[in-house]
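Shown next, in structure tokens, is the structure this report addresses.
Positions are given from 1, in the same order as the sequence printed here.
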Amino acid sequence: VFGKDINLILVLNNLSSDRKTVKVDMSASTILYTRRTVAEILKAATSVELGPKQGKHIRVKIPYSYYGKYLTTDKRIQVTALCEVMRAHGLKLLVEKTIILEDTNIIIKLPRRIVVNKAVTLEISYANPLPEPVSRCVLLVTLMNQQVKINLARLAPRERSKIYFEFTPRRSGPLQLQVDFSCDKFSHIKGFVTISVAPS
């Protein structure tokens with residue numbers, strides 16, 4: 001989840017009956033959806049001894065403080081591990097994983113029944129997922145082809161807050177509501193919901 005430390009496990013298994021030494025070079029980078037690298041955020045190397053038919057786990061932790069300021073709106077991190085079996089004529093294995101961090105920040109609560117030409121109040125809840133305060137918070141609410149920009153107070157670390165948003169639907173049928181939350185430390189955390197408007 002965006003704002004939290006990332007914990008990964010690399011599993012190495014020796015399927016042979018010989019003892020093996022494996023050198024592991026690990027790296028992690030923030031990337032765009034095109035897989036283009038933005039910034040390298042972790043580099044580590046270790047060596048593992050594996051007995052016959054033995055498996056071992058290597059734990060990797062990427063703290064938020066490593067990736068936070070380098071993350072793009074794509075919220076993607078590429079982790080690679082180059083595993084080289086020593087004294088095995090250059091036998092190498094490359095393991096890659098792309099992590100897409102999830103947002104759990106926007107929660108939109110609707111009344112049970114929404115009727116055309118009657119005022120409706122929605123509850124929009126938003127949060128700071130980071131272990132540090134954020135300021136210059138803005139919500140952009142898009143509904144019925146109109147955008148409303150709402151300036152919000154700063155949020156303490158991990159703080160959740162909410163606003164109430166009122167509107168009057170002018171036609172029955174489905175309506176798309178989109179909420180975009182930005183601040184000084186991150187941007188474009190989105191939430192959306194389809195609203196079913198009943199005839200009056």
Side-chain angles (χ1 to χ4, degrees), residues 1-7 29-39 41 62-78 97-200:
V1 176
F2 175 59
K4 301 274 180 75
D5 295 348
I6 299 166
N7 292 290
S29 301
T30 56
I31 61 169
L32 301 173
Y33 74 95
T34 57
R35 293 175 62 93
R36 202 187 80 181
T37 300
V38 176
I41 54 173
I62 308 173
Y64 164 74
S65 58
Y66 284 23
Y67 73 79
K69 61 181 175 224
Y70 300 112
L71 209 59
T72 70
T73 53
D74 296 331
K75 296 184 177 62
R76 290 171 189 252
I77 293 174
Q78 178 92 24
K97 181 168 182 63
T98 300
I99 300 163
I100 303 173
L101 298 175
E102 294 176 10
D103 296 327
T104 55
N105 289 4
I106 306 287
I107 300 169
I108 303 164
K109 289 186 181 173
L110 307 172
R112 191 169 297 158
R113 184 167 159 79
I114 297 173
V115 179
V116 73
N117 292 326
K118 284 195 177 175
V120 183
T121 301
L122 310 178
E123 182 186 289
I124 301 172
S125 165
Y126 55 95
N128 171 15
L130 308 184
E132 57 188 329
V134 296
S135 57
R136 298 201 298 277
C137 302
V138 175
L139 269 186
L140 195 63
V141 181
T142 306
L143 180 69
M144 298 187 295
N145 297 322
Q146 293 188 14
Q147 284 191 334
V148 179
K149 182 180 175 182
I150 305 164
N151 293 311
L152 308 165
R154 71 197 300 273
L155 291 172
R158 314 273 187 221
E159 183 184 357
R160 180 167 282 281
S161 190
K162 60 181 135 182
I163 62 160
Y164 294 93
F165 181 79
E166 187 178 289
F167 76 100
T168 303
R170 295 302 177 198
R171 59 178 177 81
S172 59
L175 280 180
Q176 189 87 29
L177 171 78
Q178 184 170 309
V179 179
D180 189 309
F181 179 44
S182 296
C183 67
D184 64 332
K185 300 282 192 325
F186 55 81
S187 60
H188 305 305
I189 287 185
K190 296 180 186 294
F192 65 91
V193 69
T194 299
I195 302 169
S196 294
V197 181
S200 56

I'd like to know whether Tyr66 forms a side-chain contact (heavy atoms from CB on, under 4.5 Å) with Ile6, so could you lay out the CA-CA distance, the side-chain angles of the two residues, the decisive distance to 0.1 Å, and finally the verdict. CA-CA 10 Å; Tyr66 284 23; Ile6 299 166; over 6 Å; no
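Under the side chain to side chain contact (heavy atoms under 4.5 Å, CB included) criterion, Ser196 pairs with no residue, sequence neighbours left out. Every residue meeting the side chain to side chain contact (heavy atoms under 4.5 Å, CB included) condition with Val193, not counting sequence neighbours, appears here in chain and number order: Ile108, Leu110, Leu177, Ile195. With sequence neighbours left out, Ser65 forms a side chain to side chain donor-acceptor pair (under 3.5 Å) with no residue at all. Legend: residues meeting side chain to side chain contact (heavy atoms under 4.5 Å, CB included) with Pro131, ordered by chain and number and at least two apart, are Tyr64, Arg158. Legend: residues meeting side chain to side chain contact (heavy atoms under 4.5 Å, CB included) with Thr37, ordered by chain and number and at least two apart, are Ser29, Ile31. Every residue meeting the salt bridge (charged side-chain N to carboxylate O under 4.0 Å, His left out) condition with Arg35, not counting sequence neighbours, appears here in chain and number order: Glu96. For Phe167, there are no ring pair (Phe, Tyr, Trp, His ring centres under 6.0 Å) partners, not counting sequence neighbours. For Thr168, there are no side chain to side chain donor-acceptor pair (under 3.5 Å) partners two or more places apart in sequence or in a different chain. Residues satisfying the salt bridge (charged side-chain N to carboxylate O under 4.0 Å, His left out) criterion with Lys118, sequence neighbours excluded, are absent altogether. Listed by chain and residue number, nothing satisfies the side chain to side chain donor-acceptor pair (under 3.5 Å) test with Gln146 (two or more places apart in sequence, or in another chain).
Taking 4.5 Å as the limit, every side-chain heavy atom of Phe192 sits out of range of all side-chain heavy atoms of Thr142. Looking only at side-chain heavy atoms (C-beta outward), Cys183 and Leu155 stay at 4.5 Å or farther from each other. Using a 4.5 Å heavy-atom cutoff, the side chains of Ser125 and Lys109 are not in contact. Contact check for Leu122 versus Pro111: side-chain heavy atoms found under the 4.5 Å cut-off.
Distance check, rounded to the nearest 0.5 Å: OG1 of Thr194 to CD of Gln178 gives 10.5 Å. Atom CD1 in Ile77 sits 6.0 Å away from atom CD1 in Ile99 (nearest 0.5 Å). Note: Leu139 CG to Phe165 CZ = 10.0 Å, rounded to the nearest 0.5 Å.
Within the structure, salt bridge (Lys or Arg N to Asp or Glu O under 4.0 Å) contacts touching residues 162-182 (residues at least two apart or in different chains) are Glu123-Lys162, Asp180-Lys190. Legend: salt bridge (Lys or Arg N to Asp or Glu O under 4.0 Å) pairs involving residues 129-150, not counting sequence neighbours: none detected.
The aromatic rings of Phe181 and Tyr126 sit tilted relative to each other, their planes meeting at an angle between 30° and 60°.
Side-chain N or O atoms of Asn128 include one that pairs as donor or acceptor with a backbone N or O of Ala156 at under 3.5 Å.
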